Amino acid sequence: MSSSSLSKELQFNHLDLSSSKIHTFMGLSGKRLQYAVSSFAGVGFLLFGYDQGVMGSLLTLPSFEKTFPAMKSSNNATLQGAVIAIYEIGCMCSALSTMYLGDKLGRIKIMFMGSIIATVGGALQACAYTVPHLIVARIITGIGVGYITATVPVYQSESSHAKSRGKLIMMQGSIVSLGVMVSYWVDFGFYFLDKGKTSEVSWRFPVAFQVLFTVILVGSALSFPESPRWLIKKGRNAEARQVFSALYGLPEDHNMVSAQVDEIIYYNEKEKAEGADNIKLREIFRQGPNRNFHRISLAVWGQVFNQFCGINLITYYAGTIFEQYIHMSPFNARILAAANGTEYFLASLLGLIFIERLGRRFLLIFGTVGQAIAMACLTATTWAADNGSGSKAGIAAAVFLFVFNSFFGVSYLGASWLIPPEILSLQMRATGSALSTATNWASNFTVVMITPVAFETIGPYTYTIFAVINLLIISVHYFLLPETAGRSLEEMDDIFSQTPVWKPWKAVQIARDMPFQHVDDKMTWEEKKAFIEHREYSSSTGELDTTEVNSKSV
């Protein structure tokens, strides 16, 4: 037996060759396995959120300033911003590399590799004594987290049912806010060790705590099933069928499993026939029959908006904003930052309720309107606090920081990570998600880098910039973003392929008019394929048939 055959046999030794058997991973199948997959992906985003929030309240600790005096904002606001933001550069570089590695290695191996790198980076940050050491450690941590964040949404979306995909990925957004909340409360708890003692434990432990999440990921990653859609893309159809059997909790030969596998194979072969296989960089900038440029543009700009709406102005610097710019005591600033993180998490849970009921477009537009209003109010209240209006203006400013987080938590937090894997084709999903995630980190870097400088130079008018940006974002969502709720990933291929190249706004109307195509126990793949081909023909002749094939979702 060859080594490759032995490796494959060992990897799937828990899978019975009988097509009537329900396959399992770690002894789990059906909903229990789906919950396990979501929990595993959630730990990756918990790490992401924790890393975003942990440094904000540590920057003003006496022990931190004593260890890194050059990073005090009063000494060098630019250096402080650069050291904190350099983490995003590491994230961006690794996210970009998944454009190639994501499809070569697979989703599980990428997350495993990222977890190992993030473990090393977290340990190096916790033992840093010089600014160069801290910079290198943050870059390494960023590289690991970048691999994880570029892959988790893809893995989750490719392993989920159409009807539950939105809730599951929105849940990942909630877990990001949970990570932020945990980081704020850990910072607050260890703040008391620093009072009058300048104990380095007060900042070293919160930084080191992130390693707990990476160790969990390293220890469990290789036990989870690979993405079935990636397996089909690699021609490993039998293994994909086994994974779907385990995820659905159904026998391998069940009609639902067969119809799902056959549908993905159909679209995969169709994309290959249209020249979408072996994607080259230049294909990103071409429309082609799959409208690659259109779809990647939506994914990329969605992640730019995620950052330039202003969330990380608050997430990274909440404690600093409360203390230095709203003029609260160190104790009050930290407890308010922790409360802000808690409310942020609770608000994000509302997104789970409404994402499928109201749809992606409505939530994003609703959230952006609220964010614009909150930023405008922050300009006014912070200006009043700076100009001697007393504690009432400072309290009002603090309230609007909470308001902004509420609108972001219920909408953008999860939906911005949900849109890219939903609108990208199978052939471009890893490439497009890598590019959009890298753009997220590049935008993140820009916001985190300029925030200390902006506050030092233009003060409360920093919020005005983000208020205007939010107003501009609303029109993009309204005119260009098609609704993806309830659609299979393969249905989105049809929506974009029917969108005229020079009229990208037509995608919104096509998505609104196109009937849903859901597979149930009674529908065979032949029946669904016949409908797809009929609809494609009707669309090409300008006579789109809007008859519902089946209103029952998987």
Side-chain angles (χ1 to χ4, degrees), residues 88 91-92 95-96 98-99 146 149-150 153-154 157 166 169-170 173 281 283-288 290-313 355 359-372 375 407-408 411-425 428-448 450 465-485 492 495-496 499-511:
E88 274 77 33
C91 293
M92 181 188 70
L96 280 174
T98 59
M99 292 174 65
T149 55
V154 176
S157 65
I169 297 183
M170 285 294 286
L281 185 61
E283 297 299 323
I284 295 172
F285 304 100
R286 293 179 178 176
Q287 290 285 21
N290 293 312
R291 306 297 187 262
N292 290 338
F293 181 70
H294 181 183
R295 298 163 83 166
I296 287 179
S297 294
L298 286 174
V300 166
W301 280 104
Q303 291 287 35
V304 171
F305 298 154
N306 178 289
Q307 298 304 319
F308 275 92
C309 70
I311 183 59
N312 276 338
L313 170 101
I355 188 64
R360 285 56 157 160
R361 277 167 48 85
F362 179 87
L363 273 190
L364 286 170
I365 293 170
F366 168 79
T368 310
V369 170
Q371 290 162 194
M375 282 293 179
F407 279 106
F408 184 88
S411 59
Y412 249 100
L413 177 62
S416 60
W417 292 97
L418 173 60
I419 293 299
E422 284 195 326
I423 64 175
L424 294 168
S425 67
M428 292 295 291
R429 193 164 294 135
T431 300
S433 292
L435 188 60
S436 66
T437 304
T439 305
N440 176 287
W441 288 116
S443 304
N444 196 324
F445 170 81
T446 303
V447 172
V448 176
I450 68 173
I465 296 173
F466 292 102
V468 173
I469 291 173
N470 275 285
L471 290 175
L472 296 174
I473 291 171
I474 296 170
S475 60
V476 176
H477 291 322
Y478 183 81
F479 290 109
L480 298 176
L481 182 66
E483 183 56 69
T484 60
M492 295 309 300
I495 289 170
F496 281 100
T499 302
V501 171
W502 298 108
K503 297 180 180 179
W505 57 89
K506 291 287 186 180
V508 175
Q509 186 64 41
I510 292 170

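These numbers come from a predicted model, not from an experiment. All residue numbers refer to positions in the sequence shown, counting from 1.
- Listed here is the closest heavy atom pair of T98 and A434: OG1-CB, 2.9 Å.
- For the atom pair M92 CE and T437 OG1, the distance stands at 12.5 Å (nearest 0.5 Å).
- Neither side chain, Q307 nor S443, offers a donor N or O lying under 3.5 Å from an acceptor on the other.
- Rounding to the nearest 0.5 angstrom, the gap separating the CE atom in M492 from the CZ atom in R295 is 7.0 Å.
- For the atom pair CG of L480 and CZ of R361, the computed distance is 9.5 Å after rounding to the nearest 0.5 Å.
- Partners of E483 under the side-chain hydrogen bond (donor to acceptor under 3.5 Å, both in side chains) rule, at least two apart in sequence or in another chain, do not exist in this structure.
- The shortest distance between side-chain heavy atoms of P482 and L298 falls below 4.5 Å.
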Distance-only donor-acceptor pairs under 3.5 Å for side chains of residues 499-507, two or more places apart:
| unit_1 | atom_1 | unit_2 | atom_2 | d |
| --- | --- | --- | --- | --- |
| T499 | OG1 | I495 | O | 2.9 |

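- By the side chain to side chain contact (heavy atoms under 4.5 Å, CB included) test, S416 is found to be paired with Q303, N306, Y412, residues two or more places apart in sequence or in another chain being considered.
- Side-chain contact between I296 and L424 is present, with heavy atoms from C-beta onward closer than 4.5 Å.
- Between the side chain of N470 and the backbone N or O of F466 there is at least one donor-acceptor pair closer than 3.5 Å.
- Remark: L363 CG to I365 CD1 distance equals 10.0 Å, nearest 0.5 Å.
- A search for side-chain hydrogen bond (donor to acceptor under 3.5 Å, both in side chains) contacts involving T368 returns nothing, not counting sequence neighbours.
- Among residues two or more places apart in sequence or in another chain, the ring pair (Phe, Tyr, Trp, His ring centres under 6.0 Å) test is passed with F366 by F407.
- F496 is linked by a ring pair (Phe, Tyr, Trp, His ring centres under 6.0 Å) to H294, counting only residues two or more places apart in sequence or in another chain.
- One distance of note links CZ of F305 with CD1 of I474; it measures 11.0 Å at 0.5 Å rounding.
- The two atoms that bring M375 and C309 nearest to each other are CE-O, 3.8 Å, heavy atoms only.
- In this structure, F308 CZ and I473 CD1 are separated by 10.0 Å, a value rounded to the nearest 0.5 Å.
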